[in-house]
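Taking it in order: structure first as structure tokens, then the write-up.
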There are 2 protein chains.
Amino acid sequence: MPRIRIERKEATRLSILRAARTVFVSKGFHEATTHDVAREAGLSVGSIYTYFRSKDDLIRESILAANKDETDAVLRDVRSSGTVREKMARAIAGWYAYTLEEPGVPAFLAEAWAVASRKPLIRDLVARRRERIVTVAMVILQEGVADGELTPNLDVDAAARAVAALLDGVILESIESGASPPQMDIERRVLLLLGPEIAPVVRRGNDPSA
Amino acid sequence: MPRIRIERKEATRLSILRAARTVFVSKGFHEATTHDVAREAGLSVGSIYTYFRSKDDLIRESILAANKDETDAVLRDVRSSGTVREKMARAIAGWYAYTLEEPGVPAFLAEAWAVASRKPLIRDLVARRRERIVTVAMVILQEGVADGELTPNLDVDAAARAVAALLDGVILESIESGASPPQMDIERRVLLLLGPEIAPVVRRGNDPSA
DNA sequence: GACTATAATGAATGCTCGTTCAGTTTGTTG
DNA sequence: CAACAAACTGAACGAGCATTCATTATAGTC
């Protein structure tokens, strides 16, 4: 049981995963071939099957790895003090750095969502990803309520889910525009949810039929 | 130039598009075969090619048709009076009925987004879809500002894009959870953007390092 | 009721791709 | 260094697929 062997094996496995991600991003899961992945990794096709049971397995593991990277990025700087806005801005900064500045991540996520709608196994993976993001948002908002910064009757769950949905929507927007919106814009939009950028609705004279 | 021929041809074309949508939803663009579409439409494979140049062409046309359906649904009840909240609620109702109550629409959109990240032609289609939704939101918000219902220094563009992103995020959420969130929940979240559900941030004693 | 343009057919074609496995190379150990 | 196992190789296989096209069926016209 040589230790070096094990480390080597793990390294090769990671290099295949890295290669897979590159190829999946540029071609999509389906048009990317196992031969493509092997070439990108500097290996032969056969080797892939030493490390992964099948192409589907490779796809699943590659999504799993991406989720881990994103979660790490989001959580990096959250546990710290400050106002709700400051904490939220920091969380968004970490998320932004991984998701929108790292090239190819939006395309990769879009692929994952497409597959998720048909394959329960993949669906579970991306659902867990969302839950993690929602949890981060909930913690921040909950603290805001506890500190009296936010109104006590805030529906924390709804607000946290709104933040997560908004962020995912921004990912789609970046795909469509071909470029990431500036980080500031995203912060501003999320903060719309948290503050009086939009004034309270004031009923005026017009209360018509409907 | 027999008139009947033309009508018949159009009808067949539409039935192929309908069949394509059904198959694309259940299998995804790639795993769906032209034979599948033909069988679903009650035709032979060859016939598909009387109406569409290629499978890619069929995919493109099918996305185009779906976009039209969605836009029609969103615009149906918007042009009417009431408060900003009422108008927004009506627009969301139309959007919800088409997007989340119609089975398969989220899956179809997810497929489109995945392809959009790699194919400029498809990207243009889905980008136009977003622009239409943003425009509807902007019109509603703009009217709110003009009526004095919303604060004059509201960044209408940012807010409208936030609404659109939020809605798209909800589509992804519905894919992941395997069920649509209730329409009320979505309204509540969008309205978070429009009102004081969350109280203004109040600076309290703690103003630390940062 | 024949005639003709149009539409529909589906077997055949050529290609791509996931997966396998018999054989080769590489690295470790005694 | 010899012996062995782990890791790697890539040609070959077989299944599946988009697309074509020679042929057949059909609907509209005179």
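Letters A, B, ... mirror the listed sequences (proteins, then strands); counts begin at 1.
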Sugar-phosphate, base or nothing in reach of A:Leu43, heavy atoms under 4.0 Å: sugar-phosphate
Sugar-phosphate, base or nothing in reach of B:Tyr51, heavy atoms under 4.0 Å: sugar-phosphate
Non-hydrogen atoms of B:Ala66 and B:Tyr98 that approach each other most closely: O-OH, 3.4 Å
Length of the line joining A:Phe52:CZ and D:dC8:P, which is rounded to integer Å: 12 Å
Residue whose nearest DNA chain D nucleotide is more 5′ - A:His35 or A:Ser47: A:Ser47
Spacing of A:Ile16 atom CD1 relative to D:dA7 atom P, expressed in whole Å: 12 Å
Sugar-phosphate only, base, or nothing, as touched by B:Ala41 at under 4.0 Å among non-hydrogen atoms: nothing
More than 12 heavy atoms of other groups within 6.0 Å of B:Arg13 CZ: yes
OP1 or OP2 of D:dT9 under 4.0 Å from side-chain N/O of A:Ser44: yes
Sugar-phosphate, base or nothing in reach of B:Thr34, heavy atoms under 4.0 Å: base
Whole angstrom value for the distance that separates P of D:dA15 from CD of B:Glu31: 18 Å
A:Asp72/A:Lys68 ion pair, N-O < 4.0 Å: yes
Integer-rounded Å distance: C:dT6 C1' and B:Tyr49 OH: 20 Å
Sugar-phosphate only, base, or nothing, as touched by B:Ala32 at under 4.0 Å among non-hydrogen atoms: sugar-phosphate
Between B:Glu70 and B:Thr99: side-chain donor-acceptor atoms closer than 3.5 Å: yes
Value in whole Å for how far the C1' atom of C:dT6 lies from CZ of B:Arg13: 17 Å
Rounded distance (Å) that lies between atom P of C:dA8 and atom CZ of B:Arg39: 18 Å
Contact under 4.0 Å: A:Lys9 side-chain N or O vs D:dA7 OP1/OP2: yes
Distance, rounded to the nearest Å, where B:Ile48 contributes CD1 and C:dA8 contributes P: 10 Å
Heavy-atom closest pair, residues A:Ser54 and A:Tyr49: CA-CE2, 4.0 Å
Position toward the 5' end of DNA chain C (nearest nucleotide), A:Gly46 or A:Thr33: A:Thr33
Length of the line joining A:Lys55:NZ and C:dT20:P, which is rounded to integer Å: 15 Å
